[in-house]
2 protein chains.
Amino acid sequence: MAREEKRDAILQATLELVAEHGFHDAPCSLIAERAGVAAGTIYRYFESKDELIVAVYRDLETKINTTLLRGYTLEAPFRERFVHLVSGLLQYFIDSPLEFKYIEQFHHSPYGVAFRRDKMLGQDDPEDCNIYCELFKQGVTQQVIKDLPLVLLFDLSFGPIISVARNHILGFIHLDAALVRQIAEACWDSLKR
Amino acid sequence: MAREEKRDAILQATLELVAEHGFHDAPCSLIAERAGVAAGTIYRYFESKDELIVAVYRDLETKINTTLLRGYTLEAPFRERFVHLVSGLLQYFIDSPLEFKYIEQFHHSPYGVAFRRDKMLGQDDPEDCNIYCELFKQGVTQQVIKDLPLVLLFDLSFGPIISVARNHILGFIHLDAALVRQIAEACWDSLKR
DNA sequence: CCTCAGTGAATGATCGTTCATTCCTGTTTA
DNA sequence: TAAACAGGAATGAACGATCATTCACTGAGG
């Protein structure tokens with residue numbers, strides 16, 4: 001197994017175990033076993049378990065961003081662009097339940113809070129505040145969507161998506177493509193003027 | 001200290017420590033210390049740490065329900081009733097950040113998932129599916145709100161609220177009464193026909 | 001023969017839980 | 001009235017389990 005493969009195997013094993021059992025019941029011993037390496041090997045690739053956990057999250061974030069940008073055109077009207085992004089995200093979660101579970105675990109742990117705080121502080125970076133920011137800011141100045149703080153626009157858009165995705169993945173409801181679109185449109189209704 | 005007082009002290013200490021540090025960094029030894037009792041005493045009131053954690057959640061749930069029912073009249077129009085409930089919940093979270101943090105931790109842990117699944121299965125109980133259910137069902141049949149599965153209506157209503165509350169409590173935004181109302185109304189917009 | 005990635009048993013810390021003991025309070029006995 | 005007693009509540013040291021992490025060792029490749 002090549003070096004990069006081994007690293008990926010550890011990342012994947014961490015993703016799976018944390019998603020299935022939570023952070024506390026994903027001991028390094030199990031991660032190593034599932035990755036097909038020895039426990040000590042993890043520490044040749046990552047300084048600590050904490051660093052490993054953050055690395056998994058970073059990977060997921062970039063993976064999602066590139067997925068969402070497929071088929072996204074700046075020329076389309078607001079509503080269409082919004083529905084594209086939001087329903088795209090929901091569909092991604094539906095297709096990748098393990099990744100969704102991991103992200104949720106991460107967000108609601110000390111890791112995630114610290115990570116988020118860091119990101120908020122370094123918010124000058126225009127590369128970071130990406131497509132969503134741009135879309136919302138434009139929408140506000142052009143008076144297409146409600147004049148609310150950016151953070152709240154995010155909450156109104158993605159709060160329901162997260163909640164819906166969780167209920168789908170836990171099996172409390174089954175979402176098809178039509179429902180996904182309906183939900184994205186309902187989110188739009190909460191934003192539009 | 002009377003018996004009931006001691007039980008309450010343990011519940012309160014658990015609430016605080018879990019909210020501040022998470023489930024894994026709230027060991028029984030610390031809970032006992034903050035409650036002013038010995039570690040072993042916890043097991044005179046609760047069978048296990050798991051049971052203690054669920055007991056705290058149960059308490060919070062009933063406390064919130066009674067709070068929300070204050071000033072709630074079945075005669076008011078749909079939109080008004082909805083805004084009352086939703087903005088009431090958000091205001092409750094703003095006023096009780098520790099309780100909010102605890103509830104979030106609980107929901108995103110194996111405890112919460114199991115708890116929720118149990119509740120879903122025993123859903124015949126009409127007492128359980130309370131004011132919200134009633135409101136949504138009425139709204140759907142009277143064609144005031146969108147014809148979506150009940151679960152999704154919950155997600156659209158409370159998903160943003162949870163998300164907004166978290167950002168307020170983490171200090172990423174400051175909410176005043178006016179904003180709370182605006183948010184509740186935006187949620188209504190996503191539900192209404 | 002040298003190098004270094006890989007190994008996994010060992011380590012020390014910490015966890016939830018237990019249980020022999022002590023403490024406290026109300027009742028009985030002298 | 002005081003002393004002796006009884007029994008449940010409270011205690012906290014101790015236990016076994018489990019965790020993240022380490023490091024002396026191994027062996028394959030150059």
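Note that these values count all heavy atoms, side chains included, but never hydrogens, waters or copies made by symmetry. Letters A, B, ... are given to chains in the order of the sequence lines, protein chains preceding strands, and every chain is numbered from 1.
Residue contacts shown for A/Tyr45 are limited to sugar-phosphate atoms, with no base heavy atom under 4.0 Å away.
The six-membered or imidazole ring of A/Tyr92 lies away from that of A/Phe100, with a centre-to-centre distance of 6.0 Å or more. Taking the six-membered ring for Trp, B/Phe115 and B/Phe106 have ring centres closer than 6.0 Å.
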Check against salt bridge (charged side-chain N to carboxylate O under 4.0 Å, His left out), B/Arg58 and B/Glu51
CA-CA 10 Å; B/Arg58 281 221 164 80; B/Glu51 206 205 78; over 6 Å; no
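The stretch residues 14-27 of chain B has no heavy atom under 4.0 Å from DNA chain D, so no residue of it qualifies as close.
The line from OH of A/Tyr57 to OH of A/Tyr102 is 10.0 Å long, rounded to the nearest 0.5 Å.
We find that CD of B/Glu33 is positioned 13 Å from P of D/dT11, with the value rounded to whole Å. If you take CD1 of B/Ile42 and P of C/dC15, they are 13 Å apart, rounded to a whole angstrom. Atom CZ in B/Arg44 sits about 12 Å away from atom C1' in C/dC19, given to the nearest Å. Rounded to whole Å, atom C1' of D/dA9 lies 12 Å from atom CD1 of B/Ile10. We find that CG of B/Leu30 is positioned 11 Å from P of C/dT14, with the value rounded to whole Å. Rounded to whole Å, atom P of D/dA20 lies 7 Å from atom CD1 of A/Ile31.
Closest to the A/Lys49 side chain, of the nucleotides C/dG16, D/dT21, D/dA10, is D/dT21.
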So which protein nitrogen or oxygen atoms get under 3.5 Å of nucleotides 12-14 of chain D's nitrogens or oxygens?
from, atom 1, to, atom 2, distance (Å)
D/dG12, N7, B/Gly40, N, 3.4

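No hydrogens or angles considered: a donor-acceptor pair under 3.5 Å links the side chains of B/Asp95 and B/Gln91. Side chains of B/Asp8 and B/Gln12: a donor-acceptor N/O pair is absent below 3.5 angstrom, by distance only.
B/Glu185 pairs by the salt bridge (Lys or Arg N to Asp or Glu O under 4.0 Å) definition with B/Arg79, B/Arg181, not counting sequence neighbours.
Salt bridge absent: B/Arg166 and A/Asp155 never bring a charged side-chain N and a carboxylate O closer than 4.0 Å.
For C/dT7, neither phosphate oxygen OP1 nor OP2 lies less than 4.0 angstrom from any side-chain nitrogen or oxygen of A/Tyr43.
A/Ser157 contributes a side-chain N or O that, together with a main-chain N or O of A/Leu153, makes up a donor-acceptor pair within less than 3.5 Å.
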